[in-house]
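Notes follow once the structure below has been shown.
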Amino acid sequence: MTTGAVSNPTWGNHVAILKEAGLNVLRYAYYDAATLSVDREGFFAGLEALPERTLVVLHACCHNPTGVDITIDDWKRVLDIVEAKNLIPFLDMAYQGFGEGLEEDARALRMFAASGVSMMAATSSSKNFGLYGERAGALHVVGANETEAKVLKTILNALVRAEYSNPPRHGGAVVAEVLNDPELLPAWKSEVDGCRNRILAMRRALFEAGKAEGADLSFIIRQKGMFSFTGFTKAEMIRLREEFAIYGVENGRICVAGLNTKNVGKVAKAFAQVLKDRK
């Protein structure tokens with residue numbers, strides 16, 4: 001395995017991580033800026049064109065930075081391509097619970113794990129447990145058989161020993177305590193539901209406020225998770241920052257979780273003005 005592939009666009013650090021691992025990094029099509037949705041034709045064609053044994057990084061839910069996810073039927077097709085092309089899937093699930101729900105957001109990962117293909121997955125507790133400073137999470141590796149799994153575990157143990165020997169304990173201990181406590185577990189699930197519902201409410205509020213301003217912001221309710229690709233250009237994002245004090249990334253990404261009932265109207269009004277002036 002000498003090649004890794006990431007979606008275009010993807011979380012910026014994915015590329016750095018793959019390059020640090022010594023892989024040649026390719027990009028497969030994912031986002032259609034014209035429709036603010038998945039470029040399905042380009043996406044599947046891109047996967048099918050990858051060299052055999054390519055490590056393919058896939059966003060399991062709440063795609064970062066676009067907020068645009070593929071459907072469960074799309075995932076079935078992705079799995080078919082992975083098997084046919086002998087690719088190595090690496091599913092990144094950083095925002096479990098913030099899309100459709102804790103169980104729903106894990107459907108793709110579980111589908112791949114049950115398929116029998118060799119795979120890897122990274123799951124994070126940084127967001128859904130509020131443990132940003134601890135960076136708690138897990139690496140899951142599924143081998144084709146027991147012999148392969150033992151070899152993989154030996155290799156991983158050697159890498160861990162060489163890189164950090166022992167991980168920080170506090171964040172992992174917090175997560176383990178919550179997941180194994182019959183009272184804390186349902187309380188945590190309820191809190192994750194509350195976070196997701198607040199984000200969904202802010203998406204709906206921005207859409208409605210935009211409609212009141214005469215702007216079509218329907219893309220915001222088609223996307224999922226903490227982030228959204230607005231479709232604004234770099235120049236428009238700079239204008240939003242300098243003229244309206246609306247802060248986002250220059251590639252057009254905004255953090256929906258940063259919206260609240262007091263600022264959503266201001267954001268919608270600024271978006272509407274920028275869209276009006278574009279015309």
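No hydrogens, no waters, no symmetry mates; every other heavy atom, side chains included, goes into these values.
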Practice prompt. Evaluate the side-chain hydrogen bond (donor to acceptor under 3.5 Å, both in side chains) criterion for residues T154 and N157: first the C-alpha distance (whole Å), next the side-chain angles of each, then the deciding distance (0.1 Å), finally the verdict.
Written response: CA-CA 5 Å; T154 299; N157 284 339; 5.7 Å; no
Practice prompt. Check the pair E83, S115 against side-chain hydrogen bond (donor to acceptor under 3.5 Å, both in side chains), reporting the backbone distance first and the verdict last.
Written response: CA-CA 9 Å; E83 292 181 298; S115 69; 4.8 Å; no
Item to complete: Give the intermediate values and the outcome of side-chain contact (heavy atoms from CB on, under 4.5 Å) for residues V249 and F227.
Response: CA-CA 11 Å; V249 185; F227 304 113; over 6 Å; no
Discussion item. Determine whether V25 and H14 satisfy the following criterion, side-chain contact (heavy atoms from CB on, under 4.5 Å), listing intermediate values before the conclusion.
Written reply: CA-CA 10 Å; V25 181; H14 278 154; over 6 Å; no
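Judged by distance alone, the side chain of T230 and the main-chain N or O of G252 form a donor-acceptor pair under 3.5 Å. With hydrogens and angles disregarded, a donor-acceptor distance shorter than 3.5 Å links the side chain of N260 to the backbone of N263. Remark: the backbone N or O of G97 is paired with a side-chain donor or acceptor of D105 at under 3.5 angstrom.
Linking ILVMFWY residues whenever their side-chain heavy atoms come closer than 4.5 Å, directly or via other members, leaves I246 and I238 in distinct clusters. Residues V56 and L26 share a single hydrophobic cluster, defined by chaining ILVMFWY side chains whose heavy atoms lie under 4.5 Å apart. Note: the hydrophobic cluster containing V264 does not contain Y247 (ILVMFWY, side chain heavy atoms under 4.5 Å, direct or indirect links). Both M119 and I81 sit in one connected hydrophobic cluster of ILVMFWY residues. Membership requires side-chain heavy atoms under 4.5 Å apart, directly or through other members. Both L131 and V192 are assigned to one and the same hydrophobic cluster, defined by single-linkage of ILVMFWY side chains at heavy-atom distances under 4.5 Å.
Crowding of K269 atom NZ: a count of heavy atoms from other residues, nucleotides or ligands under 6.0 Å not exceeding 12. Open room surrounds CZ on R169; 12 or fewer heavy atoms of other groups in view lie less than 6.0 Å from it.
Between atom NE2 of residue H63 and atom CG of residue L58 there is a gap of 9.0 Å, rounded to the nearest 0.5 Å. Rounding to the nearest 0.5 Å gives a distance of 9.0 Å between CG of D92 and SG of C61. If you take CD1 on I199 and SG on C62, they are separated by 8.0 Å, rounding to the nearest 0.5 Å. Taking CG from N24 and NZ from K19, the interatomic distance works out to 8.5 Å, rounded to the nearest 0.5 Å. The OG1 atom of T3 sits 9.5 Å away from the CG atom of L55 when rounded to the nearest 0.5 Å. In this structure, CZ on R77 lies 4.5 Å from CZ on F44, to the nearest 0.5 angstrom.
A heavy-atom distance below 4.5 Å is not found between the side chains of F219 and T35. Residues E134 and V174 have side chains not in contact (no heavy-atom distance under 4.5 Å, counting atoms from C-beta outward). P9 is listed as a side-chain neighbour of T66, based on a closest heavy-atom distance under 4.5 Å. Residues T10 and H59 are in side-chain contact: their nearest non-hydrogen atoms beyond the backbone lie under 4.5 Å apart. The shortest side-chain heavy-atom distance between T71 and R40 falls under the 4.5 Å cut-off. Here the side chains of L179 and F129 are in contact, with some heavy-atom distance below 4.5 Å. Between L109 and T123 there is a side-chain heavy-atom pair separated by less than 4.5 Å. Between I220 and R204 the shortest side-chain heavy-atom distance does not fall below 4.5 Å.
Residue Y164 shares its hydrophobic cluster (ILVMFWY side chains chained together at separations under 4.5 Å) with V160. Its side chain within the 4.5 Å cluster rule, W11 clusters with I17 among the Ile, Leu, Val, Met, Phe, Trp and Tyr residues.
Among residues two or more places apart in sequence or in another chain, the side chain to side chain donor-acceptor pair (under 3.5 Å) test is passed with E250 by none. Every residue was checked against the side chain to side chain donor-acceptor pair (under 3.5 Å) condition with E177, not counting sequence neighbours, and none meets it. With sequence neighbours left out, Y31 forms a ring pair (Phe, Tyr, Trp, His ring centres under 6.0 Å) with F229.
Taking the six-membered ring where tryptophan is involved, the planes of F271 and F232 are perpendicular, since the angle between them exceeds 60° and thus also 30°.
Applying the side chain to side chain donor-acceptor pair (under 3.5 Å) rule to pairs touching residues 194-203 yields D193-R196, sequence neighbours excluded.
A salt bridge links R239 to D277: one of the charged nitrogens lies within less than 4.0 Å of a carboxylate oxygen. Salt bridge annotation for D73-K76: present, with a cationic side-chain nitrogen under 4.0 angstrom from a carboxylate oxygen.
Using modelled atom types and a 3.5 Å distance limit, the side chains of N128 and Q96 yield no donor-acceptor pair.
Screening N8, D39, V38, L47 against Y30 for a side chain to side chain contact (heavy atoms under 4.5 Å, CB included) leaves a single residue, V38.
Across all their heavy atoms, L206 and L217 have their closest contact at O-CD1, 3.6 Å.
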